[in-house]
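The block underneath contains the structure these notes are about, expressed in structure tokens.
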Amino acid sequence: MEQKVSIAIDGPSGAGKSTIARRLAGELGYYYVDTGAIYRTVAYFFDLWGVAVKDIDAVTRYIDELTIGIEYDDEGVQHMIMNGMDVTDDIRTQDIAQKASVVSAYPVVREVLLDMQRQAARAHNVIMDGRDIGTVVLPKATVKIFLTASAEVRARRRAAELQAKGQKADYAKVLEQIRQRDHQDTHRAIAPLKQAKDAVKVDTTDMDIDQVVAAIRKIVDEKVGK
Ligand code: DC
């Protein structure tokens, strides 16, 4: 089988991973796989069934009841299908983000999702974003980017994004949630958020989207060829 190209973009919440990855996937004609959405779908499933995500025993007991599907519409937008139901919009709240961060620390959850992510990269050229793509999911990824920015700038971007969707978002609260999630995601025992040794770090604190896309495109073109 022809070797597929995989571009791993890891980094903390609000660094701009999904916006950048979506744009690049469109430019390059690759599949965009948003792995955070998969963890959010797990969190949403337990939330919907009234299971506290802190209850690791219950999560372990019921995880097999969950079937996750990833589908793409004509515009290339990733849809998350939870037991046959499209939950793409339902998972985009701060509450579900926090809960996703909690369930993502459980080995049983990460194991279930690992294969699904690797399978996507075997089948297609992908741009995959998350926390452990370059370190664990695709250690042999063609290109690895570690995208970051100051917590303040990330909180400002995330608050604006939520407000644009009509959700209530107070900057101070979003900043606190981002700090909490950074701590959880970097300090967990399994697959913590960290820069892969062979990843290129891109700090987007003082960059706009076009600048970030151009910078990453340059790195990709050098590695993959135009
Ligand atoms: O990128 P996001 O905000 O949608 O991710 C939600 C949570 O999912 C994040 O706080 C940690 C977890 N996650 C993970 O552990 N590994 C990934 N590859 C992607 C997300």
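Scope of the values below: all heavy atoms of this structure, side chains included, with no hydrogens, waters or symmetry mates. We count ligands from 1, going down the list as the structure has it; atoms in each ligand are counted the same way.
Ligand 1 has a nitrogen or oxygen under 3.5 angstrom from a nitrogen or oxygen of D185. Some N or O of T35 is nearer than 3.5 Å to an N or O of ligand 1, by distance alone. For ligand 1, none of its N or O atoms has an N or O atom of R158 under 3.5 Å away.
Put simply, the side chain of K99 never gets that close to the backbone of K54: no donor and acceptor are under 3.5 Å apart. Panel note: side chain T186, backbone L193; no donor-acceptor pair is recorded below 3.5 Å. Using a distance-only test at 3.5 Å, with no hydrogens or angles considered, no donor-acceptor pair links the side chain of Y39 to the main chain of L113.
Inspection of the R122 and Q119 side chains reveals an N or O donor paired with an N or O acceptor under 3.5 Å.
Ring geometry, Y31 versus Y72: the interplanar angle exceeds 60°, so the pair is classed perpendicular (tilted spans 30 to 60°).
Among all non-hydrogen protein atoms, the one lying nearest atom 16 (N) of ligand 1 is R110 NH2, 3.1 Å. For atom 4 (O) of ligand 1, the nearest non-hydrogen atom of the protein is R40 NE, 2.6 Å. Looking at atom 8 (O) of ligand 1, its nearest protein heavy atom turns out to be Y39 CB, 3.5 Å. Protein heavy atom at the shortest distance from atom 6 (C) of ligand 1 is R181 NH1, 3.4 Å.
Counting heavy atoms only, R131 comes closest to atom 1 (O) of ligand 1 of the residues K17, Q177, R131.
Close approach to D132 involves these atoms of ligand 1, each under 4.0 Å from a residue heavy atom: 16 (N), 17 (C), 18 (N). Residue-ligand proximity, R188 to ligand 1, at heavy-atom distances under 4.0 Å covers atoms 14 (C), 15 (O), 16 (N). Against a heavy-atom cut-off of under 4.0 Å, G36 is close to the following atoms of ligand 1: 1 (O), 2 (P), 4 (O), 5 (O), 19 (C), 20 (C).
With sequence neighbours excluded, the residues forming a salt bridge (Lys or Arg N to Asp or Glu O under 4.0 Å) with E152 are R179, listed by chain and number.
At a heavy-atom distance under 4.0 Å, only side-chain atoms of R92, from C-beta outward, approach ligand 1.
At a threshold of 4.0 Å, the pair D34-R92 counts as salt-bridged, since one of the basic side-chain nitrogens sits closer than that to a carboxylate oxygen.
Checked options T135, D10, D198; the residue passing with K144 is D198 (criterion: side chain to side chain donor-acceptor pair (under 3.5 Å)).
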